[in-house]
Amino acid sequence: MHAFSRGTTSTPTAVPVPPALSLPVIEEAFPRQLHPYWPRLQEKTRTWLLEKRLMPADKVEEYADGLCYTDLMAGYYTEAPEAVLQAIADYSAWFFVWDDRHDRDIVHRRPAAWRRLRTRLHTALDAPERHLGHTDPLVAGLADSLVRLYSFLSPGWNARFARHFHAVIEAYDREFVNRTEGRIPTVEEYLALRRLTFAHHIWNDLLEPSAERELPDFVRKHPAYRRAALLSQEFAAWYNDLCSLPKEIAGDEVHNLGISLVTHERLTLEEAIVEMRHRIDGCVSAFLVAERDALMFADSLADGTRQGRELGTAVRTCVGNMRNWFSSVYWFHHESGRYKVDSWDDRSTPPYVSNEAAGEK
């Protein structure tokens with residue numbers, strides 16, 4: 001079937017959505033939004049990738065725009081100030097490049113290189129300003145994006161973000177071990193690990209600088225807010241698994257909800273896809289209920305004081321961006337060259353990555 005993707009061009013573009021991946025509820029109930037800064041964002045992130053040597057110049061020229069990394073962020077944090085959105089978009093592009101390096105280190109059996117990178121990332125996360133000139137572009141790129149991200153809110157927010165990303169790095173290490181050993185986690189093990197490797201907490205942390213307001217603990221930990229935030233991320237992770245299943249099977253991956261269902265629940269591939277769709281559909285339905293509760297909670301914060309009014313407005317902005325995540329993730333998977341496996345010369349080797357060892361100095 002065809003659906004209309006709006007925002008990344010001046011006119012609507014028909015994007016083919018395979019029936020197995022089509023979610024009419026997203027196309028109908030989650031209109032796509034896009035930050036007006038998007039064209040400049042795409043240009044500046046492309047330049048940043050080149051300046052930081054995160055991708056070879058020929059790869060940037062041929063693939064960067066088609067990978068749609070900036071589209072994903074511009075469709076999510078639609079209320080963010082331009083400087084905040086630019087820092088987030090660069091960090092997101094870095095994250096994808098890091099994910100590709102992690103994958104290539106596994107494929108080419110480079111455990112020493114991965115361990116070295118893991119240590120360096122942990123160190124840069126705690127003191128990014130000391131790593132801006134690091135010889136490994138991936139370390140220097142992370143440091144550059146963090147210096148900017150750490151400038152928007154308080155030291156407390158910075159420490160929380162760092163704590164959450166330390167956990168992501170360690171989860172990537174567990175993935176490295178699992179893939180090296182060929183170990184496919186059970187469904188429950190996988191779901192817990194996926195919340196870390198997809199960086200659920202990170203993308204939710206970034207809702208706050210986008211809303212220009214750091215949320216107090218009682219807001220972030222309120223059941224209504226937490227549930228809406230979790231469901232928006234679960235949808236993204238599980239839909240990603242559904243769309244990337246052919247790519248990950250071709251690449252001998254072991255981390256995918258469908259692969260765990262086939263291996264441990266003894267489902268056929270077709271049955272696993274049906275189960276994944278069932279979970280994804282349930283996630284969307286549950287979010288619509290959670291969204292209503294979260295917005296009611298936001299209204300309750302407006303207690304007549306200026307502080308209450310501003311806090312309620314910030315929560316409504318964050319919840320609105322949670323909603324944006326559904327449409328942005330959905331269209332990203334049908335527009336980005338990252339998932340067009342059938343067009344690759346080698347289904348196990350993405351054309352936008354470099355197979356050469358990197359960061360070995």
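Throughout, residue positions are numbered sequentially from 1 according to the sequence presented.
Hydrophobic clustering, with ILVMFWY side chains joined whenever heavy atoms are under 4.5 angstrom apart, keeps Leu193 apart from Trp114. There is no path of hydrophobic side-chain contacts, each under 4.5 Å, that joins Leu196 to Leu191. There is a path of hydrophobic side-chain contacts, each under 4.5 Å, that joins Val187 to Phe235. Both Leu257 and Leu21 belong to a single network of hydrophobic side chains, linked directly or stepwise wherever heavy atoms of I, L, V, M, F, W or Y lie under 4.5 Å apart. Hydrophobic clustering of Ile, Leu, Val, Met, Phe, Trp and Tyr side chains at less than 4.5 Å, counting indirect connections, keeps Leu295 apart from Leu230.
With salt bridges taken as basic N to acidic carboxylate O contacts below 4.0 Å, one links Glu310 and Arg306. The existence of a salt bridge linking Asp100 and Arg338 is confirmed by a sub-4.0 Å separation between a basic side-chain nitrogen and an acidic carboxylate oxygen. A salt bridge links Glu208 and Arg160; the closest N-O separation between the charged side-chain nitrogens and carboxylate oxygens is under 4.0 Å.
Checked against the 6.0 Å centroid threshold, Phe326 and Phe287 count as a close aromatic pair. For an aromatic pair to be called close, the ring centres must be under 6.0 Å apart, and Tyr91 with Phe161 satisfies this. Ring to ring, Tyr239 and Tyr330 are close: their centroids are under 6.0 angstrom apart.
Sorted by first then second residue, the salt bridge (Lys or Arg N to Asp or Glu O under 4.0 Å) pairs that include residues 283-296, not counting sequence neighbours, are Glu291-Arg323.
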Inset, instruction - Could you walk me through whether Trp157 and Asp205 pass side chain to side chain donor-acceptor pair (under 3.5 Å), step by step? - result: CA-CA 8 Å; Trp157 183 92; Asp205 286 338; 5.0 Å; no
Inset, instruction - Mind running side chain to side chain donor-acceptor pair (under 3.5 Å) on Arg194 and Asn240 for me, showing each step along the way? - result: CA-CA 11 Å; Arg194 185 62 163 144; Asn240 174 268; 2.7 Å; yes
Inset, instruction - Decide yes or no on side chain to side chain donor-acceptor pair (under 3.5 Å) for Ser145 and Asp90, but give the supporting numbers first. - result: CA-CA 6 Å; Ser145 62; Asp90 290 349; over 6 Å; no
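More than 12 non-hydrogen atoms from other residues, nucleotides or ligands lie less than 6.0 angstrom from CD of Glu271.
Contacts of Val168 classified as side chain to side chain contact (heavy atoms under 4.5 Å, CB included), with partners at least two apart in sequence or in another chain: Phe95, Trp98, Phe165, Tyr172, Ala199, Ile202.
Among Glu234, Arg195, His164, the one residue that satisfies the side-chain hydrogen bond (donor to acceptor under 3.5 Å, both in side chains) test with His200 is Glu234.
Ring geometry for Tyr37 versus His35: interplanar angle over 60°, hence perpendicular rather than tilted (30 to 60°).
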Please list, one pair per line, the donor and acceptor atoms closer than 3.5 Å that link side chains of residues 274-284 to other protein atoms, with sequence neighbours excluded.
from: Glu275; atom 1: OE2; to: Arg279; atom 2: NE; distance (Å): 2.9
from: Arg277; atom 1: NH1; to: Ala20; atom 2: O; distance (Å): 2.7
from: Arg277; atom 1: NH1; to: Ser22; atom 2: O; distance (Å): 3.0
from: Arg277; atom 1: NH2; to: Ser22; atom 2: O; distance (Å): 2.8

